[in-house]
2 protein chains.
Amino acid sequence: MMKALVNKKTTKQASETEISVNHQKLIDATIETIAKRGLADTTIAHVAKRAKVSQGYANFRFKSKDNLLISSLQYLSDEYKKSWQKIFEENNIDPIDRIIRIVQNDFSSKIANRNKISVWIAFYSEVKFRPSYLTICQRQDEIYSQQMEKLVNEINNITNQKEFTPKEVSETYHSMVDGLWQRILFDPKIYTHEFCKNLVLKYFKSIYVNEDRFA
Amino acid sequence: MMKALVNKKTTKQASETEISVNHQKLIDATIETIAKRGLADTTIAHVAKRAKVSQGYANFRFKSKDNLLISSLQYLSDEYKKSWQKIFEENNIDPIDRIIRIVQNDFSSKIANRNKISVWIAFYSEVKFRPSYLTICQRQDEIYSQQMEKLVNEINNITNQKEFTPKEVSETYHSMVDGLWQRILFDPKIYTHEFCKNLVLKYFKSIYVNEDRFA
DNA sequence: ATAAAAATTGAATGATTATTCAATACAAAA
DNA sequence: TTTTGTATTGAATAATCATTCAATTTTTAT
């Protein structure tokens, strides 16, 4: 009725931006709704209300609920990827400092908060039944692992560590992160960001015995 | 119509057993249905069909779908608990052998198969919104952790390992298991039971450097 | 300012599903 | 066998929800 006035721009380009604004509003609302109510209780009506558009529009805009969910997972995945991609690419920084930054990122409040984690796990839980969810998650994992192994390899060389392969260290770290994220959901009082970070740093300490930065 | 004849016994006690047979049939069918179709797609109708009882009966027997789901999670939790409880209690066995058995159990095909894991994760994903799910999962975790720390403490004493506390080792192991279970869902080709077991044994090797049984 | 096009609404539709319950089948007791 | 109580059925109910679409509002072009 008048709502639309608020954000509208006048040029054609602005109008195209406008399209993405609604697009993004709906994706944000989807993620928030899943975080607040769970995937099972996330309806188009709830999402539309939160995004402040009509129910019909939400469906029209994304063609289907399924498509909206997939787009939201993709967004979440991209957001996470951007956060670590940046760190892996900082070649001027010492590898050990770089891996510590990766750990800090993985347990930052932007990434490892209960809302985001509950959304991740909601999608994980459907991975076996929705090939499109699986594809998005797998693609993410693959690149992360690849970069992680490269980084661990550098550290192995620097520290002259030969007992544990880059793949082993990378897989262990990765599974620890997934496991700890899950536990943050269960009991965020115990599994604080500090607790989790210290735990994985201790793991690195067990591998790179002489490296004090992991202590 | 005649179905019921098949399993019926004649004495009163047998009749009570009969009650549990249907009870268990429904719980099994629930777990199988979640594994096959996902929690979101699990309806009373599907479960009833798989258990070979009428839809009305399934609901009547458990009072509500919610109650059926909770009972199924409880069953899954008890089953898992029995499998590790036994091992923790084998005090005559060397602690290191005992922890290796724990690892073997956690990645046995009875425990760590894709069906069971997908059911676990389905429930995990709702933990934030269903206090009863959370309670069941937390109670399980608490006892497991407690026993694990006790066991690690023994091993620390035997090996004279002082750098890593029982709590740290236990938490690291536990999070690795959760993380690896998740990854088995993603890619069971890569994350075979052997792969997972070797990975956690390698972790123990990093802690207990001189102990060859972890190699 | 007006017309045409595009965006957005909201109410209607049809499908799905948990739950209820009267009717039936069955078992136990007499 | 007959009666009584319990177990089980299956069809009806009511609620929820994704999806559709004709009508309306807003934007753009003339």
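Chain A is the first sequence line, chain B the second, and so forth, proteins listed ahead of strands; every chain is numbered from 1.
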In whole angstrom, what separates [X]'s [atom1] from [N]'s [atom2]?
| X | N | atom1 | atom2 | result |
| --- | --- | --- | --- | --- |
| A/Ile44 | C/dA12 | CD1 | P | 20 Å |
| B/Tyr57 | D/dT6 | OH | P | 14 Å |
| A/Gln55 | D/dT16 | CD | C1' | 11 Å |
| A/Leu26 | C/dA7 | CG | P | 14 Å |
| A/Arg61 | D/dC21 | CZ | P | 19 Å |
| B/Lys49 | C/dA18 | NZ | P | 15 Å |
| B/Lys52 | D/dT8 | NZ | P | 16 Å |
| B/Phe60 | C/dA23 | CZ | C1' | 15 Å |

Give a yes or no on whether a salt bridge exists between B/Glu79 and B/Lys110, defined as a side-chain N under 4.0 angstrom from a carboxylate O. no

Between A/Arg98 and A/Glu90, is the closest basic N to carboxylate O distance under 4.0 Å? no

Nearest heavy-atom approach of A/Ala112 to A/His193 is O-NE2, 3.0 Å

Using a cut-off of strictly less than 4.0 Å between a heavy atom of the residue and any atom of DNA chain D, enumerate the qualifying residues of residues 63-72 of chain A by number.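 Nucleic-acid contacts, sorted: A/Ser64, A/Lys65.
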
Which sits closer to the 5' end of DNA chain D, A/His46 or A/Gly56, going by the nucleotide each is nearest to? A/His46

For residues B/Trp181 and A/Tyr124, establish whether the separation of their ring centroids is below 6.0 Å.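 Here the rings of A/Tyr124 and B/Trp181 have centres that are no less than 6.0 Å from each other.
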
Would you say the ring centroid of A/Tyr203 lies under 6.0 angstrom from that of A/Phe214? no

Donor on one side chain, acceptor on other, B/Gln24 and B/Asp28, under 3.5 Å: yes

Does any donor atom in the side chain of A/Asn59 or A/Gln55 lie under 3.5 Å from an acceptor atom in the other side chain? no

Does B/Asn22 have a side-chain nitrogen or oxygen under 4.0 Å from the phosphate oxygens OP1 or OP2 of D/dA7?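 Answer is no, no contact under 4.0 Å.
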
Hey, is the side chain of B/Asn59 poking within less than 4.0 Å of OP1 or OP2 on C/dT19, counting only N and O atoms? yes

Count the heavy atoms of every other residue, nucleotide or ligand shown that sit under 6.0 Å from CZ of A/Arg114, and state whether that count exceeds 12.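 Above 12, so yes.
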
Side-chain donor-acceptor contacts of residues 142-153 of chain B below 3.5 Å, not counting sequence neighbours, with atom names and distances?
{"unit_1": "B/Tyr144", "atom_1": "OH", "unit_2": "B/Asp106", "atom_2": "OD2", "d": "2.5"}
{"unit_1": "B/Ser145", "atom_1": "OG", "unit_2": "B/Asp141", "atom_2": "O", "d": "2.9"}
{"unit_1": "B/Gln147", "atom_1": "NE2", "unit_2": "B/Gln85", "atom_2": "OE1", "d": "2.3"}

Listed in order of residue number, which residues of residues 34-41 of chain B have a non-hydrogen atom at under 4.0 Å from DNA chain C? none

